Amino acid sequence: MEIIVLPDAAEVGRVAALKIAQVVERRPEAVLGLATGSSPTDIYASLARRVAAGELDFSRASGFALDEYVGIPLEHPESYASVIRRDVVEPLGMDPARVRVPDGRAADVEAAAEEYDAAIAAAGGIDVQILGIGANGHIGFNEPTSSFASRTRIKTLAPQTRADNARFFDDPDQVPTHCLTQGLGTILDAHEVVLVAQGERKAAAVAGMVEGPLSAMCPGSALQLHRHATIVVDEAAASRLTLVDYYRHTYENKPAWQRFA
Ligand code: GLP
């Protein structure tokens, strides 16, 4: 794991976006894993500015969303299909035909989940998976006790996650109870992972993910098994890390050839 601690949320978005841009510059047909939620919005905004300036081109890239609610209408503004279209596909100029979101409306959600993993594999796997982390340590919607070997599947949302996401809905009861999410095993198959976290509310989850034991109780800790995971956090989200001075020292003294920002 590489841990990058930056002064504030804006820097987190800027630096994580540079990492994603590097992948797409190297490989214009890159396959991106796309997270929703508040955490990656600065990444998408930063990339969109560079697209608008003609510095980056996502038209040949493809994407797979990390997760989707089950039972939410496609056209609902908070379905992840809508969010991905609004926050990612349109501002980055991606081809909508190359961007998929798990089908939370399928009559057979289990078959839809299996087919989703097969489609990721058929695309050659995800080059770079963008991630946030929930306050309870979830990544995607892999709630505590999710298997490290799990694949895309249906999950029940934890009460805390429903409460956290209630801000996106008019009424907390409207937050769906179930979701389809890439599994921890699916996420671990990505060639590279970039996770961002901002704010004190994420500090305990970040500490558990980076320095805690490998444990299904903190699904983010599965990333300790990944060969190429970059964790980009602001000071507040880093506030419970015990080795924070070491991470700063490492980042500041990276050899030039390893630098991307
Ligand atoms: C959400 C999403 C995750 C996200 C996490 C944190 O509900 N399913 O992909 O990373 O929970 O959310 P946020 O970034 O809004 O804090």
Side-chain angles (χ1 to χ4, degrees), residues 8-10 12-13 16-17 20 32-46 63-72 76-84 86-88 99-102 104 113 116 126 128-144 146 150 152-169 172 174-184 186-188 190 193-210 218-223 226 229-234 236-238:
D8 54 39
V12 169
I20 309 303
L32 309 178
L34 302 167
T36 51
S38 306
S39 306
T41 53
D42 282 348
I43 299 182
Y44 299 136
S46 174
F64 287 90
L66 194 54
D67 44 21
E68 173 62 296
Y69 294 115
V70 165
I72 196 168
H76 190 292
E78 295 306 329
S79 76
Y80 285 174
S82 295
V83 174
I84 291 283
R86 194 168 63 227
D87 292 356
V88 185
V99 179
R100 288 200 49 179
V101 178
Y116 198 70
I126 288 173
V128 60
Q129 174 66 59
I130 299 168
L131 290 173
I133 187 165
N136 65 358
H138 75 229
I139 54 175
F141 269 135
N142 293 282
E143 300 286 24
S146 288
S150 52
T152 302
R153 69 214 184 290
I154 189 166
K155 287 291 286 179
T156 306
L157 296 179
Q160 181 178 349
T161 303
R162 291 190 71 229
D164 287 349
N165 286 5
R167 68 188 191 280
F168 295 115
F169 293 82
Q174 285 176 6
V175 185
T177 54
H178 290 79
C179 64
L180 277 182
T181 181
Q182 286 188 34
L184 294 174
T186 318
I187 293 169
L188 289 176
V193 166
V194 176
L195 183 146
V196 289
Q198 308 90 348
E200 168 67 32
R201 226 174 58 81
K202 300 292 177 72
V206 167
M209 164 177 67
V210 175
C218 180
S221 69
L223 297 183
H226 198 282
T230 306
I231 314 297
V232 190
V233 294
D234 66 6

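For ligands, and for the atoms within them, numbers begin at 1 and follow the listed sequence. Computed from a prediction, not measured in an experiment: that's the story for all the values here.
In terms of the side chain to side chain donor-acceptor pair (under 3.5 Å) criterion, residue partners of Ser150 (sequence neighbours excluded) are, by chain and number, Arg153. Legend: residues meeting salt bridge (Lys or Arg N to Asp or Glu O under 4.0 Å) with Asp164, ordered by chain and number and at least two apart, are Arg201. Partners of Thr230 under the side chain to side chain donor-acceptor pair (under 3.5 Å) rule, at least two apart in sequence or in another chain, do not exist in this structure.
The line from OG1 of Thr161 to CG of Asn136 is 4.5 Å long, rounded to the nearest 0.5 Å.
Within the 3.5 Å criterion, the main-chain N or O of Ala81 finds a donor-acceptor partner in the side chain of Glu68.
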Report task. Any chance you could lay out the ring pair (Phe, Tyr, Trp, His ring centres under 6.0 Å) test for Phe169 and His76, step after step, and finish with the verdict? Result -> CA-CA 10 Å; Phe169 293 82; His76 190 292; 5.5 Å; yes
Dump all N/O pairs between ligand 1 and the protein below 3.5 Å as a table: atom names plus distance, one pair per row.
{"from": "ligand 1", "atom 1": "7 (O)", "to": "Asn165", "atom 2": "ND2", "distance (Å)": "2.9"}
{"from": "ligand 1", "atom 1": "8 (N)", "to": "Asp67", "atom 2": "OD2", "distance (Å)": "2.8"}
{"from": "ligand 1", "atom 1": "8 (N)", "to": "Gly140", "atom 2": "O", "distance (Å)": "3.4"}
{"from": "ligand 1", "atom 1": "11 (O)", "to": "His138", "atom 2": "NE2", "distance (Å)": "2.8"}
{"from": "ligand 1", "atom 1": "14 (O)", "to": "Ser38", "atom 2": "N", "distance (Å)": "3.2"}
{"from": "ligand 1", "atom 1": "14 (O)", "to": "Ser39", "atom 2": "N", "distance (Å)": "2.8"}
{"from": "ligand 1", "atom 1": "14 (O)", "to": "Ser39", "atom 2": "OG", "distance (Å)": "2.4"}
{"from": "ligand 1", "atom 1": "15 (O)", "to": "Ser38", "atom 2": "N", "distance (Å)": "2.8"}
{"from": "ligand 1", "atom 1": "15 (O)", "to": "Arg167", "atom 2": "NH2", "distance (Å)": "2.8"}
{"from": "ligand 1", "atom 1": "16 (O)", "to": "Lys202", "atom 2": "NZ", "distance (Å)": "2.7"}

